[in-house]
Amino acid sequence: MTFRLYPDRSRLKRVGAVMVAVCTVAVFLACGAPSIVHLANAPADKLSLSLTLTNALIPSARVAIEVRLSDTSGNQVVLAKDQTLRINGVALDTSHPPKLYDAYTMTVPRAPLGGNYTVVYTDERGQQTTVVIPAVQHDLAITSPAANARVPIPQSTATSRASLTVRYSAAFDEATLPVPISKNGYRPPYEATAYGSCKTAGNSGTPASDPRCVIVANYQQDDSGSITITDKVDYAPKFRFDNLTPGSGIISVDAHMALVMPPEGFSTLAVTFVDETSIPITWV
């Protein structure tokens, strides 16, 4: 069966950990504590497959992929020797199974823009299930402000709050995707963040001079390529533009592209692209 789907790293890792924790709690409440299972009979339609791709949205030689498999009861599946999974011809190493709640990991060469990632699962009977996942159409990149630009610190007025518009190149053109990008997950697909040094250091222990002391962020639900980060009165002081001081800063755009996948082939299939791109700036 073939289905064609046209669609600071530390923080992304923490996001992934939160997702796993949430899923784990849900499984525990619904089915009891999950366990690791080896299935002698594991056709694709009895498996849920989840793939998380990192470095796929930004220029990179290789893409890191986390592979998670589970059965219909939510138990974590470890593949047997005669059950294999390949992505773009690279075989998943099943000789070192992951611990409970962890994922298999692998790397493959980054597909060219407009190319694809071909996943081939072969069960113990030799039955193959193939899924073709298109690579992104554009590199995720910040287009405004420019890297190393001198950016005025946004100021509030009597009628409006301080704001900064960040423009970026969207990784996917949603108009050409036959499956949507999820808008109902725990976070929207794009987030823009402005960082800078603090006038007054926060309670986290971050030095005031640290270029990531202040964090002001906003989300974007679509691929419009523009996010306006707006200061809000109810934000803690650390998370407002008025706590910025002139000096080094960072603008970043995080992407969390969860595709709403059809269930055919596997019991369920989830594909998520997760990346961050950032540029240095100078607040003035």
- Query: Hey, mind stepping through D242 and R240 against salt bridge (charged side-chain N to carboxylate O under 4.0 Å, His left out) and telling me if it holds?
  - Reply: CA-CA 5 Å; D242 60 12; R240 295 201 291 257; 3.7 Å; yes
- Message: Apply side chain to side chain contact (heavy atoms under 4.5 Å, CB included) to residues S267 and L47 and explain how you reach the verdict.
- Response: CA-CA 5 Å; S267 175; L47 298 176; 5.8 Å; no
- Task: Start with the C-alpha gap between D102 and L100, add the side-chain angles, then the distance that decides, and say whether side chain to side chain contact (heavy atoms under 4.5 Å, CB included) holds.
- Result: CA-CA 5 Å; D102 288 345; L100 187 61; over 6 Å; no
- Task: Evaluate the criterion side chain to side chain contact (heavy atoms under 4.5 Å, CB included) for residue pair F241 and I229; output intermediate values, then yes/no.
- Result: CA-CA 10 Å; F241 282 117; I229 306 171; 3.9 Å; yes
- Decide yes or no on side chain to side chain donor-acceptor pair (under 3.5 Å) for S252 and E191, but give the supporting numbers first. CA-CA 8 Å; S252 77; E191 178 189 17; over 6 Å; no
- Task: Please report the C-alpha distance between V119 and T130 in whole Å, then the side-chain angles of each, then the deciding distance to 0.1 Å, and finally whether the side chain to side chain contact (heavy atoms under 4.5 Å, CB included) criterion is met.
- Result: CA-CA 6 Å; V119 182; T130 300; over 6 Å; no
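Contact between A162 and S156 at its shortest, heavy atoms only, is N-OG, 3.0 Å. Between Y195 and W283 the shortest heavy-atom distance is O-NE1, 2.8 Å. Heavy atoms only, all atoms of each residue included: L140 and A255 are closest at CD2-CB, 3.8 Å. When all heavy atoms of S209 and S197 are compared, the pair lying nearest together is O-OG, 3.0 Å. For V136 against A171, the heavy-atom pair with the smallest separation is CB-O, 3.6 Å. Listed here is the closest heavy atom pair of P97 and Y104: CA-CE2, 4.1 Å.
Contact check for T272 versus L53: no side-chain heavy atoms found under the 4.5 Å cut-off. At least one side-chain heavy atom of L259 sits under 4.5 Å from a side-chain heavy atom of I181. Proximity of V63 to T54: side-chain heavy atoms (C-beta onward) are nowhere separated by under 4.5 Å. Between L164 and I251 the shortest side-chain heavy-atom distance falls below 4.5 Å. With a 4.5 Å cut-off on side-chain heavy atoms, I279 and I250 do not count as touching. Here the side chains of I58 and D139 are not in contact, with every heavy-atom distance at 4.5 Å or above. When side chains are defined from C-beta on, Q76 does not count as touching S70, because their heavy atoms never get closer than 4.5 Å. Counting heavy atoms from C-beta outward, H256 and D275 have side chains that stay 4.5 Å or more apart.
Taking the salt bridge (charged side-chain N to carboxylate O under 4.0 Å, His left out) definition, one finds that D123 meets it with R125, sequence neighbours left out. For R167, there are no salt bridge (charged side-chain N to carboxylate O under 4.0 Å, His left out) partners at least two apart in sequence or on another chain. T105 pairs by the side-chain contact (heavy atoms from CB on, under 4.5 Å) definition with E66, not counting sequence neighbours.
Between Y121 and F266, the two ring planes are tilted [angle within 30° to 60°].
One distance of note links NE2 of H38 with CD of Q83; it measures 9.5 Å at 0.5 Å rounding. Atom CD1 of I142 and atom CD1 of I227 lie 9.5 Å apart (nearest 0.5 Å). The structure places CE of M106 at 4.5 Å from CD1 of I87, a figure rounded to the nearest 0.5 Å. Taken to the nearest 0.5 Å, the OG atom of S163 stands 9.0 Å off from the CG atom of D231. For the atom pair L244 CG and Q155 CD, the distance stands at 9.5 Å (nearest 0.5 Å). Atoms CD1 and CG, from I133 and L51 in turn, are 5.5 Å apart once rounded to the nearest 0.5 Å.
Checked by atom type and distance alone, the side chain of R110 never pairs as donor or acceptor with a backbone atom of A61 at under 3.5 Å. A donor-acceptor distance shorter than 3.5 angstrom exists from the side chain of N218 to the backbone of T228, with no hydrogens or angles considered. For the pair N88 (side chain) and N116 (backbone), a donor-acceptor distance under 3.5 Å is present.
Using a 4.5 Å cut-off between side-chain heavy atoms of Ile, Leu, Val, Met, Phe, Trp and Tyr, with links allowed through other members, L57 and V108 fall into the same hydrophobic cluster. Connection of V260 to L269 is not established within any shared hydrophobic cluster, with ILVMFWY side chains joined at heavy-atom distances below 4.5 Å, either directly or through further cluster members. Linking ILVMFWY side-chain heavy atoms closer than 4.5 Å, directly or via other members, places V120 and L49 in two distinct hydrophobic clusters. When hydrophobic clusters are built by joining Ile, Leu, Val, Met, Phe, Trp and Tyr residues whose side-chain heavy atoms come closer than 4.5 Å, directly or via intermediates, V284 is not grouped with I281.
Taking the six-membered ring for Trp and the full ring otherwise, Y190 and Y168 have centroids separated by under 6.0 Å.
When the options P98, S50, S48 are evaluated for a side chain to side chain contact (heavy atoms under 4.5 Å, CB included) with R68, the one that passes is S50.
A donor and an acceptor atom, one from each side chain of N75 and S73, are nowhere located under 3.5 Å apart.
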